[in-house]
Amino acid sequence: MTLEAIKWNREENKLVILDQTLLPDMTLYLHIKDVQDGWKAINMMKVRGAPAIAIVGCLSLTSEIINHKEFKNKQAFFDFMKAKLNYLVTARPTAVNMKKAADEFIKLANELYNDSNYSLSSMKDRIVNDFEGMLEIDVKVNMAIGNNGAQEILSKNASKDSIIILTHCNTGSLATAGYGTALGVIRSLHKMEKLIHVYCTETRPYNQGARLTAYELVHDKIPATLICDDMVAAVLKTKKITAVVVGADRVTLNGDTANKIGTYQASIAILAKYHNVPFYVAAPRTSIDTNMYKGDDIIIEKRSAEEITHINGNRIAAEGIECWNPAFDVTPASLITGIITEIGTFSPEELKKHI
Ligand code: MRU
């Protein structure tokens, strides 16, 4: 059985998503009827992970377009689409994928609007088809990332049959349309029978590692160990880690990378450098922001104090304490060995030339 976070049925015009806030205890699919449902699901992290956010956002709009009573004309359809896409971008600010999808689809809609070969109906069909196509494209992109990442790690390693990877957060089937980015690299190494072990961090405060990555690794029977975020230094020192591979929410042109909080800090990138372990970011080109040069310009989402003070609704922190809860941090390009994309692996300095 493959893990499917996003299920789309064109005939029934039905989008359902796996509610990731309930995993691993409960498997519950939610029906997303329209953009408002899509926005809420993204904002409340019922679906999360940069590629999955963009796909669910666009498919929620697909559902709404199909259900919409007839649009007056092409202009009315264009205005509707533009407003809805721009609204979806506001659900979460750090991952660039939804913003890039919105900009690309608004540009496409504008071209179709100005093309007399397209009627309102064919314009609508084209947009709906392209939205649906995102699911298939994302899986293909992830498989290419998985393969490129596995080749890169194997090519740099003397002990090719005993690869051990450390990863952070969740970048797998749950964060994408399937297979995953950093977890895709892990899956590819596993399929090639080169992987002997994975260490995944719990990823406080939201526990994407403990709840979601651990779930995917157990599901795929990949040998893995869950560690607390504050154990990374000890693991890097003692467990012969071949490479660290993480995902990305936004990579800027100089290679700086926003990813889940803890990627940069004392936990991973800095420690990997100190222990001479290569540190890779696995990211589709949809996560690379070609309009932003450096990481300092990335807006970092701040989330509620409750994510820190409570676990499963139970308070674990002293009443009255203030909290600071940024959802992401930015790893400077200087700590990154390579960025693994669907078209190859590039050093941060090379990235601009290839994207
Ligand atoms: O807050 P989240 O769970 O959406 O954060 C997810 C991450 O940071 C992932 O590493 C990133 O989006 C890449 S997912 C392929």
Side-chain angles (χ1 to χ4, degrees), residues 3 5-6 17-21 23 41-57 91-101 134 138-139 141-146 149 166-187 200-216 229 244-251 257-265 267-269 279-289 295 298-304 307-308 325-331 336 339-342:
L3 273 177
I6 308 166
I17 60 158
L18 185 54
D19 184 343
Q20 297 188 32
T21 60
L23 286 174
I42 295 167
N43 180 262
M44 294 166 73
M45 291 175 70
K46 289 178 181 295
V47 58
R48 28 69 48 206
I53 288 172
I55 295 166
V56 167
R92 291 189 76 192
T94 304
V96 70
N97 306 52
M98 184 64 233
K99 167 76 177 139
K100 269 186 107 163
M134 289 171 83
D138 192 54
V139 175
V141 162
N142 292 338
M143 292 196 150
I145 290 174
L166 186 146
T167 191
H168 184 57
C169 194
N170 174 264
T171 58
S173 295
L174 296 168
T176 61
Y179 205 67
T181 58
L183 202 38
V185 175
I186 290 169
R187 284 198 160 102
C200 70
T201 55
E202 60 178 348
T203 320
R204 278 284 288 150
Y206 202 68
N207 294 319
Q208 288 93 330
R211 294 190 303 106
L212 310 175
T213 301
Y215 180 78
E216 292 203 36
D229 296 337
V244 175
V245 189
V246 299
D249 287 86
R250 187 182 300 239
V251 181
T257 297
N259 189 49
K260 180 49 53 196
I261 189 77
T263 304
Y264 165 53
Q265 62 116 341
S267 67
I268 305 183
F279 180 92
Y280 289 100
V281 170
R285 282 178 297 168
T286 48
S287 298
I288 298 172
D289 189 345
I298 298 173
I299 296 171
I300 300 292
E301 175 185 7
K302 304 286 182 314
R303 295 194 63 88
S304 75
E307 285 182 0
I308 298 185
N325 184 15
F328 303 95
D329 57 26
V330 177
T331 299
I336 298 172
I339 297 164
I340 303 164
T341 73
E342 64 272 35

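Throughout, residue positions are numbered sequentially from 1 according to the sequence presented. Whatever order the structure lists ligands and atoms in, that order sets their numbers, starting from 1.
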> Taking Glu301 for the side chain and Phe328 for the main chain, is one N or O donor matched with an acceptor at less than 3.5 Å?
Replying inline: no
>> So does Asp19 get a backbone contact from the side chain of Thr21, meaning a donor-acceptor N/O pair under 3.5 Å?
In response: no
> In Å, rounded to the nearest 0.5 Å, how long is the span from CD1 of Ile268 to OG1 of Thr331?
Replying inline: 8.5 Å
> Taking all non-hydrogen atoms of both residues, which atom of Asp249 and which atom of Ala50 are closest, and how far apart?
Replying inline: OD2-CB, 3.8 Å
> Under a 4.0 Å heavy-atom cut-off, what residues line ligand 1?
Replying inline: Met45, Arg48, Gly49, Ala50, Pro51, Arg92, Cys169, Asn170, Thr171, Ala175, Thr176, Thr181, Gln208, Ala248, Asp249, Asn259, Lys260, Phe328
> Are side-chain heavy atoms of Val185 and Tyr280 found at a separation under 4.5 Å?
Replying inline: no
> Salt bridge check: are Asp229 and Arg204 linked by an N-O gap of less than 4.0 Å?
Replying inline: no
